[in-house]
Amino acid sequence: MVHFTIDGREIEAEKGENLLKVAKQNGFDIPNLCWMEHMLPTGSCRMCLVKVEGQRGLKTSCTLQVEEGMNVTAFDDEIEGVRRTNLEFILSDHNYDCSICQQSGECELQDVAYKYQLGSEEIKKLNYLTEKPELESDYTSPVLNYEPDKCIKCGRCITACNIVQGKRVLSFVERGFFMYPSPDFVKWGDSTCDGCGECVQSCPTGALVEKPLVSMIRAMDIDKKVKTTCTYCGVGCQVEMWVKDEKVVRVRGVNAKPNNGRLCVKGRFGYEFITNKDRLTTPLIRKNGVLEEASWDEALDLIAEKMTGIRDTHGSDALAGLASARCTNEDNYIFQKFFRASLGTNNVDHCARLCHAPTVAGLGKAFGSGAMTNPVEEFADADCILITGTNATETHPVTGTYIRNAAAKGAKILVIDPRKIDIVDDSYLWMRQKSGTDVAWINGMINVIITEGYANESFIKERTEGFEELKKAVASYTPEKVEEITGIKADDLREAARVYATSEKSSIVYAMGITQHVTGTDNVLSLANLAMVTGQIGRASTGVNPLRGQNNVQGACDFGGLPNVYSGYQKVTDPAVKEKFQKAWGVDSLSPKDGLTIVEIMNEAAKGNLKGLYVMGENPMLSDPNLNHVKEALEKLDFLVVQDIFLTETTEFADVVLPASSAAEKEGTFTNSDRAVLRVRPALPAPGNSRGDWEIMCDLSTRTGYPMSYTDSNAVMEEIAELTPIYGGISYERLENEHLAWPCPTTEHKGTTFLHAKKFSRGLGLFTPVDFIPPAEQPNKEFPFILTTGRMLFHYHTATMTRRSAPLREFAPEGYLEICREDLIDLGAADGDKLQISSRRGVITAKAKMSDRVAKGVIFIPFHFSESPVNALTNDVLDPQSKIPELKVAACKVELIKTTANES
Ligand code: SF4
Ligand code: SF4
């Protein structure tokens, strides 16, 4: 700590801290327009000037660090006079009428001008200073407007884009009064800007503003601002929703963990679906093949009668439920409680099965916990990040910003991915492996680490077991052998192994490119082996970090949306656990056996063994593999209920459809990818007669003879905390002020930032030797291409919400097939041509998108688009350990069916 004075007052602060920040924290309202916390200062606005005893002239306080004994003058007549003059210069270049500006009321420039009482009359006198440039406003972006008349050239937008988000889209062009920020030197709409809006949020004036509802966003007209959690990916960004006339009109990032103000284009601009006219507002019952409006009593009585009828005639296990990674923790807890306590079955699963079931199985086996080990912000301080099987900058965009921040600070980014994803531009080394060969290259890295003496022997000895078996298993995976299997050059593999092992803090980041394979669990176990052999776990900015896909996929797993566990991963087969839940839930007997997983549920339905299915907030007719098989299964059911916010591909098969609330209308919690429990708060009332998911389940349960009722979602969380040791210390009250990540077993516990610090959850970390097994399908003469699937930045899951948000639609209106130039030429096709893609399971069409992201013989299709439903092609063969299907590898045929020339 250092001690110094500001205007004679004694101040204590951490050595090296930013002077302007410390002054503000201590109540000195020094004006500033260009400074942003956490960023390197530019000192360009020259409003934060101060005097420092012993130093010549006035200094910008944003560029100074506090030092022991310094005497600072923040306010005197001379300083205020210079500030006023500087402000006059700034305002002389600001030709706008505040009364019609969208930013009026929260404009930092307006606030400072008001403070110094500088109005338009004074400013007009300065017009002789400027040769007024004629700069055009730019309205070409789907998400933002730029009006140069309001721009003060502070450069904050450029810092926000390039340093905070790491996008490198913006820079100044021209000089002096003619200078302005430009995206790639072109119009916004033609640039590589991806619409994250970080620049807009950082702009201290109204020069950059959100476009979608531009006439409704003035701060002074807003009815309320609600702090809640983004409803899209698993990062769990904290957002502030601005509400006017019962509509969300603006979304801003909150300066709190995990996003620290940052958002991506979906979080900031994907809110239009909330009040979309297609929202379901009343229950629907199918009569004579048509869904007709019904009352809640009619619909719930019918469901209760049918579900109990199936249970009583065919047994409890003839029923199944799909919980939801989009719904809250409270919704999922009540959903599985209804299935287990009222209907008597453990047939509860959800789409985590299709993304991170191998993570739960693999990391559970290796470490004793299947969750992400470290928080996403810690990536920014890593020295090396090994990224494999995740296109993080698109799928988890705010996580991607922290990775880019690390790269900018000099961290070595190792990318191992079959596609040349965007983060490759920031990488130290990119290795393109053949799809489905991950065990081989990971074993190869471990082989190099052991043979070259980089293994962390003390860590292995003190913290792990099973090393000798692992050593034997990887001995044959020499870099040369790995090159033959994977296509990765032997020397690149050696270099990657050395960098990962010898960096001070190395972190592994992965997602579905690792898990969605028949060897998904083996892949995860191999990554765990790699981390343990080097001791790169149990410290900040290290660990094995599975990025969870949907907003609450972690929570849906945590709360028993899985067929083998109750909340908190307590096994249904453990007699003591079973007894505990029987007692707490007041039932005589709970099922003692594991239930069915998603693909097994569909298989049993197709065979006619499973009769009734309840789907809460999922869309298996687009998200599950081998869609023709899913269709066959859904058609075979006696009774299907879908509870959702829109009609979907799955509701086409439903007997009853129930209208649910969206996250913007709910009270509750989500648990993000890094185990933090985050509050969800209602910004709007639920539309029409729609209701919250857990409230619907309670009402239904009561009608099936197992009454459930809670005063509010807080009461549900209280029951959860009582029954779930890892959530024992979580309460809404604490979440108001604390950022808590589980395990948080008691009310005194502060939560767990990173896992496995002193010992693994299972005690010793377990090495598991694994051998390479090729993917289930290999290309052949008939199906010569390898198809891989995934997400894209602008859409979320089956796109029911994102395609109902105009800016996201404008960025990405339709599905496509990524294919390399050489393959397109071989097919006699060109960019934009319509292609037919077929596998052993189905046929779809999509437009060709020529791209160097994929290698020859490989195609990529995003899974969001119903008109190009790639899951009609994917393979539902399962990983035997976790039962995840091999969504990432399918052998395909591609044919030209229409050229763009024909079309025109
Ligand atoms: S919206 Fe995002 S990517 Fe586009 S210019 Fe602004 S900060 Fe950069
Ligand atoms: S990164 Fe994920 S959580 Fe954050 S704003 Fe984007 S979609 Fe929402």
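We count ligands from 1, going down the list as the structure has it; atoms in each ligand are counted the same way. All residue numbers refer to positions in the sequence shown, counting from 1.
Listed by number with element, the atoms of ligand 1 under 4.0 angstrom from any heavy atom of C199 are 1 (S), 5 (S), 6 (Fe), 7 (S). For ligand 1, the atoms closer than 4.0 angstrom to any heavy atom of D194 are 3 (S). Against a heavy-atom cut-off of under 4.0 Å, W188 is close to the following atoms of ligand 1: 5 (S). Heavy-atom proximity to G197, at under 4.0 Å, picks out these atoms of ligand 1: 1 (S), 2 (Fe).
For atom 8 (Fe) of ligand 2, protein N/O/S neighbours under 2.8 Å (waters excluded) are C230 SG.
Look at K666 and D331 and you find a salt bridge, because one of the NZ, NE, NH1 or NH2 atoms lies within 4.0 Å of a carboxylate O, short of that distance. Between E240 and R252 there is no salt bridge, since no side-chain nitrogen of the basic residue lies less than 4.0 Å from a carboxylate oxygen of the acidic one. Ionic pairing of D425 and R168 is not present here: no N-O contact between side-chain nitrogen and carboxylate oxygen is shorter than 4.0 angstrom. Comment: R681 engages E736 in a salt bridge, judged by a side-chain N to carboxylate O separation of less than 4.0 angstrom.
With rounding to the nearest 0.5 Å, the separation of NE2 in H797 from SG in C233 is 12.5 Å.
Here the protein heavy atom with the shortest distance to atom 2 (Fe) of ligand 1 is C196 SG, 2.3 Å. The protein heavy atom nearest to atom 8 (Fe) of ligand 1 is C161 SG, 2.4 Å. Distance from atom 4 (Fe) of ligand 1 to its nearest protein heavy atom, with residue and atom name: C193 SG, 2.3 Å.
Within a 6.0 Å sphere centred on NZ of K247, heavy atoms belonging to other residues, nucleotides or ligands number 12 at most. Annotation: E246, atom CD; neighbour count of heavy atoms from other residues, nucleotides and ligands within 6.0 Å does not exceed 12.
Judged by distance alone, the side chains of S507 and N374 never bring a donor and an acceptor atom under 3.5 Å apart.
The aromatic rings of Y816 and F860 are tilted relative to each other, their planes meeting at an angle between 30° and 60°.
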